[in-house]
Amino acid sequence: MELVLVLVLIGVGILAIKSLMNQARRKKLMAKYGDVEIVDLIMKKVVWQGMHVEHLLDALGRPAAIDRKVYKTKTSQTFKYDQSGKNRFRRRVTLENDVVVGWDFK
């Protein structure tokens with residue numbers, strides 16, 4: 001019985017710490033962007049078309065790999081996340097001139 005109580009208390013403590021960390025992150029993002037809708041989407045790790053590279057990095061973090069191609073009029077990048085094997089990734093986000101134009105999540 002005492003073990004169950006200890007485990008419950010540890011779980012509550014972890015949830016409290018996680019909540020405080022989320023509040024601190026939200027406050028930092030609000031100071032950076034000042035837009036509640038954008039901050040809500042970033043906190044939920046949502047990717048949308050037209051998203052700027054900074055929003056993407058704040059939402060999903062640094063990619064495991066990046067493919068870059070430079071053309072005359074644009075720069076194309078593919079951010080790769082969640083590596084599942086050699087040169088295999090579960091999530092890919094395509095950007096043109098630092099703006100999200102598409103994605104593939106498996």
Side-chain angles (χ1 to χ4, degrees):
M1 190 67 169
E2 292 176 15
L3 180 61
V4 172
L5 181 61
V6 170
L7 291 175
V8 168
L9 290 175
I10 290 173
V12 169
I14 290 171
L15 288 175
I17 291 170
K18 197 171 185 179
S19 176
L20 289 173
M21 289 174 60
N22 278 339
Q23 289 175 4
R25 181 168 184 247
R26 176 176 286 283
K27 185 176 180 180
K28 181 180 171 185
L29 290 171
M30 281 301 295
K32 185 174 183 179
Y33 298 115
D35 186 336
V36 174
E37 289 180 38
I38 289 176
V39 171
D40 286 343
L41 291 171
I42 290 171
M43 291 291 293
K44 294 175 186 173
K45 299 183 178 190
V46 173
V47 176
W48 67 90
Q49 200 161 8
M51 180 183 212
H52 193 269
V53 67
E54 282 296 315
H55 298 145
L56 179 63
L57 292 172
D58 283 335
L60 299 182
R62 297 183 69 158
I66 302 174
D67 287 343
R68 290 186 175 93
K69 294 180 182 175
V70 179
Y71 303 101
K72 280 184 179 180
T73 59
K74 68 181 177 183
T75 301
S76 178
Q77 300 179 87
T78 302
F79 283 23
K80 301 175 182 181
Y81 294 91
D82 299 333
Q83 190 166 5
S84 61
K86 186 175 181 179
N87 204 27
R88 292 180 185 222
F89 299 88
R90 290 188 182 94
R91 298 190 290 174
R92 296 171 188 259
V93 181
T94 304
L95 299 97
E96 289 181 359
N97 298 329
D98 291 337
V99 176
V100 173
V101 294
W103 56 89
D104 181 23
F105 291 179
K106 296 177 183 176

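All heavy atoms count here, side chains included; hydrogens, waters and symmetry mates do not. Not measured: the values here are computed from a predicted model.
Summarising the geometry, atom CD belonging to Glu96 is positioned 9.5 Å from atom OG1 belonging to Thr78; distances are rounded to the nearest 0.5 Å. From Glu54, atom CD reaches atom CG of Asp98 across 9.0 Å, with rounding to the nearest 0.5 Å. Between atom NZ of residue Lys45 and atom CG of residue Asp58 there is a gap of 11.5 Å, rounded to the nearest 0.5 Å. Between atom NZ of residue Lys80 and atom CZ of residue Arg90 there is a gap of 15.0 Å, rounded to the nearest 0.5 Å. Distance check, rounded to the nearest 0.5 Å: CG of Leu95 to CH2 of Trp103 gives 11.0 Å. Here the CZ atom belonging to Phe79 is positioned 10.5 Å from the OG1 atom belonging to Thr94, to the nearest 0.5 angstrom.
Under the 4.5 Å side-chain criterion, counting only non-hydrogen atoms from C-beta, Asp40 is in contact with Val36. By the 4.5 Å heavy-atom criterion applied to side chains, Trp48 and Leu41 are counted as neighbours. Looking only at side-chain heavy atoms (C-beta outward), Asp82 and Phe89 stay at 4.5 Å or farther from each other. Counting heavy atoms from C-beta on, the side chains of Met43 and Arg25 come closer than 4.5 Å.
Of the residues listed (Val53, Leu56, Val101), the one engaging Val93 in a side-chain contact (heavy atoms from CB on, under 4.5 Å) is Leu56, and it is the only one.
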key: From CA spacing to verdict: salt bridge (charged side-chain N to carboxylate O under 4.0 Å, His left out), Arg91, Asp104   = CA-CA 6 Å; Arg91 298 190 290 174; Asp104 181 23; over 6 Å; no
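Cluster membership check: Val99 does not share its hydrophobic cluster with Ile66, using side-chain heavy-atom separations under 4.5 Å among Ile, Leu, Val, Met, Phe, Trp and Tyr.
Judged purely by atom type and a 3.5 angstrom limit, Asn97 uses its side chain to pair as donor or acceptor with the backbone of Thr75. Looking only at distances, no side-chain donor or acceptor of Tyr81 sits under 3.5 Å from a matching main-chain atom of Ala65.
For Lys28, the NZ atom counts as loosely surrounded, since its 6.0 Å shell holds 12 or fewer non-hydrogen atoms of other residues, nucleotides or ligands.
Contact record, Leu57 with Pro63: CD2-CD, 4.0 Å, taken as the closest heavy-atom pair.
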